[in-house]
Amino acid sequence: QVQLVESGGGLVQAGGSLRLSCAASGRGSTQAAVAWFRQASGKEREFVGSISWPGRKTVYARSVKGRFTVSRDNVKNTAYLEMNSLKSDDTAVYYCAQSRYQTVSDSSSDYIIWGQGTQVTVPA
């Protein structure tokens, strides 16, 4: 079974940047799409961005398009979420997830392996 571990979260001022990592380990295939979701306190989990296998296609939520970039290093079995021009509305726990498919998707039901999450805080 593949396990996902996120890292790189923290406190950053508005307008700043942060890069999250999602490292995959364990038995099983990682030849699948990977996505980032986030959940702010008291709100439902929402889609952020997704990257296909092996990485030719990406898709983003409208709220982050142009500011966030999803990428992956298939040799290192690691996916990344580069976040720029951060706003207080970006404050949330960020989760990476691996899909059952190779194509991008914004539906959480397509993702079958989830990490434990990493907190990103952007003070107002």
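One is the number of the first residue; the rest follow in order along the sequence.
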Are [Y] and [X] connected in a single hydrophobic cluster, I mean Ile/Leu/Val/Met/Phe/Trp/Tyr linked by side-chain heavy atoms less than 4.5 Å apart?
X: Val59; Y: Tyr111; answer: yes
X: Ile112; Y: Leu4; answer: yes
X: Leu86; Y: Val48; answer: yes
X: Ile113; Y: Tyr80; answer: no

Starting from the C-alpha separation in whole Å, work towards a yes-or-no answer on side chain to side chain contact (heavy atoms under 4.5 Å, CB included) for Ser99 and Trp53. CA-CA 10 Å; Ser99 176; Trp53 171 266; over 6 Å; no
Going by ring-ring contact (aromatic ring centres under 6.0 Å, His included), name the residues that satisfy it together with Tyr60, two or more places apart in sequence or in a different chain. none
Tyr95: ring-ring contact (aromatic ring centres under 6.0 Å, His included) partners, not counting sequence neighbours: none
At their closest point, which heavy atom of Ser71 faces which heavy atom of Ile51, and how far apart are they? CA-CD1, 3.7 Å
So which heavy atom on Ser29 is nearest to which on Val2, and how close? O-CG2, 3.7 Å
Hey, what do you get for [atom1] ([X]) to [atom2] ([Y]), rounding to the nearest 0.5 Å?
X: Leu20; Y: Thr78; atom1: CG; atom2: OG1; result: 12.5 Å
X: Glu44; Y: Gln39; atom1: CD; atom2: CD; result: 8.5 Å
X: Thr30; Y: Gln98; atom1: OG1; atom2: CD; result: 6.0 Å
X: Arg72; Y: Thr58; atom1: CZ; atom2: OG1; result: 12.0 Å
X: Ser63; Y: Phe68; atom1: OG; atom2: CZ; result: 7.5 Å
X: Leu18; Y: Tyr94; atom1: CG; atom2: OH; result: 9.0 Å

For a 4.5 angstrom cut-off between non-hydrogen side-chain atoms, does [X] reach [Y]?
X: Val104; Y: Ser52; value: yes
X: Glu82; Y: Asn84; value: yes
X: Asp106; Y: Ser50; value: no

Can Ser105 and Ser107 be counted as having a side-chain donor-acceptor contact under 3.5 angstrom? no
Who are the salt bridge (charged side-chain N to carboxylate O under 4.0 Å, His left out) partners of Asp110, not counting sequence neighbours? none
Hey, what's the ring geometry for Phe37 with Trp114, parallel, tilted or perpendicular (30° and 60° as the breaks)? tilted
Main-chain N/O of [Y] paired to [X] side chain as donor or acceptor, under 3.5 Å:
X: Glu6; Y: Gln116; result: yes
X: Thr118; Y: Gly9; result: yes
X: Arg67; Y: Ser85; result: yes
X: Gln102; Y: Gln31; result: yes
X: Gln3; Y: Gln1; result: yes

Considering the options Val122, Val12, Val120, which one meets the side chain to side chain contact (heavy atoms under 4.5 Å, CB included) requirement together with Thr91? Val122
Could you walk me through whether Val64 and Arg38 pass the side chain to side chain contact (heavy atoms under 4.5 Å, CB included) test, one step at a time? CA-CA 12 Å; Val64 306; Arg38 66 186 182 185; 4.0 Å; yes
